[in-house]
Amino acid sequence: MKITCPYCGERDHREFTYRGDATAIRPSIDNTSLDDHQAFVYDRKNTAGTHRELWNHTSGCRTHVVVVRDTVSHEIFSCEPVGPFAKQLARNVAKLKGAGA
Amino acid sequence: MSRYSAWEILKNAVKGNRDWTPAWRRAEPKSAYDVIIIGGGGHGLSTAYYLAKVHGITNVAVVEKGYLGSGNVGRNTTIVRSNYRLTPNSRFYEKSMELWRELSHDLNYNVMFSPRGVLNLALTPGQMDTYAERGNQMRLMGVRSELLDRDQVARLNPGLDVSGSARFPIEGGLLQPDAGNARHDAVAWGYARAADQLGVDIIENCEVNGFLKEGGRITGVETTRGTIRAAKTGVAVAGNTGKVMKLAGIDNLPIESTVLQAFVSESIKPIIKNVVTFGAGHLYVSQSDKGGLVFGGNIDYYNSYAQRGNLPVWEEVISELLAMFPAFARVKLLRSWGGVMDMSMDGSPIITTGPIDGMYLNAGWCYGGFKATPASGWCFAHTIANDKASEYNETFTLERFKNGQSIDELGAGPTPWYH
Ligand SMILES: Cc1cc2nc3c(=O)[nH]c(=O)nc-3n(C[C@H](O)[C@H](O)[C@H](O)COP(=O)(O)OP(=O)(O)OC[C@H]3O[C@@H](n4cnc5c(N)ncnc54)[C@H](O)[C@@H]3O)c2cc1C
Ligand SMILES: [Zn+2]
């Protein structure tokens, strides 16, 4: 499998560390429901088919990437940056691409 | 149907081996049973056998989507062991060892259980200390263990590079002398035949594609060969747990499916006595009775329902094998394949009533469900027959995660791909 890092481009997946289901979202800090926290930590959809998941480019720029991938065919549909700087990163990448870099 | 025996072999040989009959009937699905087991893998078949044998429940169907042995029971590297640290695991896997020892006689089918010993190599003094601790813990649970120094390890497996110049010099190892291998196909066939003889219907090429629900209770299944009703429905589909439970509306189990690959080399003369595992990384190798080296390592670390993996695992596994046994560099690889694994959030299994009334769940087997086959079936049958877990699986619940009672042998936390 090859994953396209938003910074570094297309790389072999062995450069990345798998970080699991990207749809499991941590409940907010003031949510005191045990069920919500248990669901975040332990419960997974374990989808056969299109799966949103996190990969970290550990052997590269160490950014997290949200990969949308088919868990049956291993086909990768998209790789997007994530985190507080994702928007800025996307703008920079677009600018660089526009400049023909 | 007759018992297998030396006399039967002789009698059939004289008659030109024309009179052997199939080991189990090709059963047609009836409209209703007392119990349906979904999944004709090792666990489904052993469950059916113990339901009939121990609990006298013989009106049972095992429903399998493909042919028997097409799942992980026919894909594993056949290691059978019980060298655990945590009490629930030790007790459960020791129960399994007890059943393994008598299995061929019990089933009247040679499962070729071979207690050749499982040897975990230690590569550092620190690792030796850890193994000393593990060995002591095993002994406290009544499981035999032996701590070996480098010379003892070398005498057992002469191909090992025990020189000081090895990439990872070997210090010694921990041996579970009563552990070993069994023939995986024979386990599936043996349980199938023995269950069939007790009246269980084994229905192949019959995929479950829905559940019957009445008043919040599961009352049977929809299949590609029609509707089948049952008071009790057990799910034992290993890597397909996510897919099958979704049909019942359950999509929040503490399980993720990944792919594990296995490898077999061409046949060579006997060189490896034990099942040997590497101390730096993850690799286990044994030699089959035909002479092939059977080995495997880590899963491909991502969710997968594909019965095939990627090449980085090949490189990792083969380089670890060669670090231990440099001579194998000249051996040709014959085959490789993958199986879909049900990795649980703490690395331990689930054998429980529920999560819906009328339903029973057996899942979360990770790397090690083959060795569990006898005890898993024994416990699942007990749970289905009595609507209550046995003493061996009372902690293998779904609630344990919420209650902070996860059984995390490795201490890896809720990252299923690291167990
Ligand atoms: C490569 C590899 C190596 C392994 N090595 C070892 C080892 O050395 N030692 C060890 O202890 N364990 C090992 N394991 C793990 C072990 O093989 C499994 O944990 C165990 O076989 C799972 O239980 P099972 O035999 O019942 O599964 P399976 O044989 O997979 O049975 C499940 C069955 O359910 C059927 N099914 C699925 N969906 C449906 C449906 N909708 N309707 C009807 N039927 C359905 C499948 O076709 C399948 O036959 C290994 C696994 C793999 C993949
Ligand atoms: Zn990168």
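Every chain is numbered from 1, with letters handed out A, B, ... down the list of sequences.
Using a 4.0 Å cut-off between charged nitrogen and carboxylate oxygen, B:K402 and A:D35 count as a salt-bridge pair.
Although no hydrogens or angles enter the test, the distance criterion places no donor-acceptor pair under 3.5 Å between the side chain of B:Y302 and the main chain of A:E53. Within the 3.5 Å criterion, the main-chain N or O of B:D251 finds no donor-acceptor partner in the side chain of A:N46.
Contact annotation for A:D12: only side-chain heavy atoms (C-beta onward) come within less than 4.5 Å of a heavy atom of chain B. The parts of A:R44 that come within reach of chain B are both its backbone and its side chain, each placing non-hydrogen atoms under 4.5 angstrom from that chain. Proximity to chain B (any heavy atom under 4.5 Å) is shown, for A:H37, by neither the backbone nor the side chain. Both the backbone and the side chain of B:I255 come within less than 4.5 Å of a heavy atom of chain A. Only the side chain of B:E315 comes within contact range of chain A, judged by heavy atoms closer than 4.5 Å.
Other residues, nucleotides and ligands place no more than 12 heavy atoms under 6.0 Å from the CZ atom of A:F85. The environment of A:R62 atom CZ is sparse: at most 12 non-hydrogen atoms of other residues, nucleotides or ligands sit within 6.0 angstrom. Counting non-hydrogen atoms of other residues, nucleotides and ligands closer than 6.0 Å to CZ of A:R19 gives a total of 12 or fewer. Heavy-atom neighbours of A:R52 CZ from other residues, nucleotides or ligands within 6.0 Å: at or below the threshold of 12. Other residues, nucleotides and ligands place no more than 12 heavy atoms under 6.0 Å from the OH atom of A:Y7.
Ranked by heavy-atom pairs under 4.5 Å with chain A, the first of B:P254, B:S406, B:P416 is B:P254. Most heavy-atom pairs under 4.5 Å with chain A, from the set B:R308, B:Q307, B:K243: that is B:R308.
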Candidate pair B:N310 and A:H74, rule side chain to side chain contact (heavy atoms under 4.5 Å, CB included), full reasoning = CA-CA 10 Å; B:N310 267 291; A:H74 295 166; 4.2 Å; yes
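Distance check, rounded to the nearest 0.5 Å: CD of A:Q38 to CG of B:N403 gives 8.5 Å. In this structure, OH in B:Y301 is found 11.0 Å from NE2 in A:H13, a value given to the nearest 0.5 Å.
Counting heavy atoms from C-beta on, the side chains of A:Y18 and B:N303 come closer than 4.5 Å.
Minimum interatomic distance between A:T47 and B:Y305 (heavy atoms only, all atoms of both residues): O-CE1, 3.3 Å.
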